[in-house]
Amino acid sequence: MGSPCLNPPEAVQRSGRDAVAAGLQGIPGVVVPRTERLTASGPHDLARMIGERGMTYPLLIRPVGAHGGKGLLRGEDPGQLEGLVAGWTCGAPVYVTEFHAFADPDGVHRKYRLAVIGQEIILRHVIIGDSWLLHADSQALGTEADEEARLTSFDRDLLPRIAPAVQEIARRLGLDIFGIDCHLDAEGRLLLFEANACM
């Protein structure tokens, strides 16, 4: 009783992908793709629900609670979507997210992980690859020098540009310590992939 608490439980409970996407809309310099949590009786029902909500393809679909790209699918249109999810367990909730292309001008994809600890913003790593689906085990060979250069220049070049937006994200989430996976362009615009205390 009376001990300090980091990351209030109620704030953690509000950090589901759909709630974060809704709560972070409108921050200058931040693009937050629309995300809905849906529970459908089957593939056709899921496509119907997506259509009723007017969501824009391509769409990313993943099981609620999954991380690290497990179970993540990308559907380019309603017909392909129904084929992709045909084997899924009916009635299981999924997150549906509008996909935003994020390749840099050189055609390479880069995913940044930021650690936010109070007012401090730390660049943890940059995963670099040819595909949009990036995780630690998908880092392209020969990209170590690129990542090192970005880690080294981050505090000087990008941090001053993104700090106000990240501080507003922290204020809205109400978390003391959390991570952000995102893409950052040369001007410091941030495309949010996820933000939560699970990292």
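Not measured: the values here are computed from a predicted model. In what follows, every heavy atom counts, from backbone to side chain, and hydrogens, waters and symmetry copies are set aside.
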(request) Calculate, to the nearest 0.5 Å, the distance between atoms CG and CZ belonging to L72 and R62 respectively. (result) 4.5 Å
(message) Restricting to non-hydrogen atoms, name the atom on L60 and the atom on W132 that form the minimum distance, rounded to 0.1 Å.
(response) CD2-CH2, 3.5 Å
(request) Taking the side chain as every heavy atom from C-beta outward, state whether D77 and P58 have any atom pair closer than 4.5 Å. (result) no
(message) Please tell me whether V31 and L173 are part of a single hydrophobic cluster in this structure, the criterion being side-chain heavy atoms less than 4.5 Å apart.
(response) no
(message) How close do G174 and A11 get, counting heavy atoms only, and between which atoms?
(response) O-CB, 3.5 Å
(request) Could you tell me whether F193 and F102 have their ring centroids closer than 6.0 angstrom? (result) yes
May I have the list of side-chain donor-acceptor pairs in residues 14-24 shorter than 3.5 Å, sequence neighbours left out?
from	atom 1	to	atom 2	distance (Å)
S15	OG	V12	O	2.5

(message) Please tell me whether V32 and L59 are part of a single hydrophobic cluster in this structure, the criterion being side-chain heavy atoms less than 4.5 Å apart.
(response) no
(message) Quick check: closest heavy atoms across D45 and A40, and the distance to 0.1 Å?
(response) OD2-CA, 3.4 Å
(request) Give me the other members of the hydrophobic cluster that V64 sits in, counting Ile, Leu, Val, Met, Phe, Trp and Tyr linked by side-chain heavy atoms under 4.5 Å, directly or via other members. (result) Y95
(request) Measure the spacing between CG of L123 and CG of L151 and express it to the nearest 0.5 Å. (result) 5.0 Å
(message) Can you tell me if R124 has over 12 outside heavy atoms packed within less than 6.0 Å of its CZ?
(response) no
(request) Check whether any side-chain heavy atom of L114 sits under 4.5 Å from a side-chain heavy atom of C182, and report yes or no. (result) yes
(request) Please report the shortest heavy-atom distance between R113 and D181, naming the atom on each side. (result) NE-OD1, 2.7 Å
(request) Would you mind checking if R150 and D157 are paired as a salt bridge, meaning a charged N to carboxylate O distance below 4.0 Å? (result) no
(message) Do R48 and L46 make a side-chain contact, defined as non-hydrogen atoms from C-beta onward lying under 4.5 Å apart?
(response) no
(message) Under a 3.5 Å cutoff, is there a donor and acceptor pairing between the side chains of Q139 and D137?
(response) no
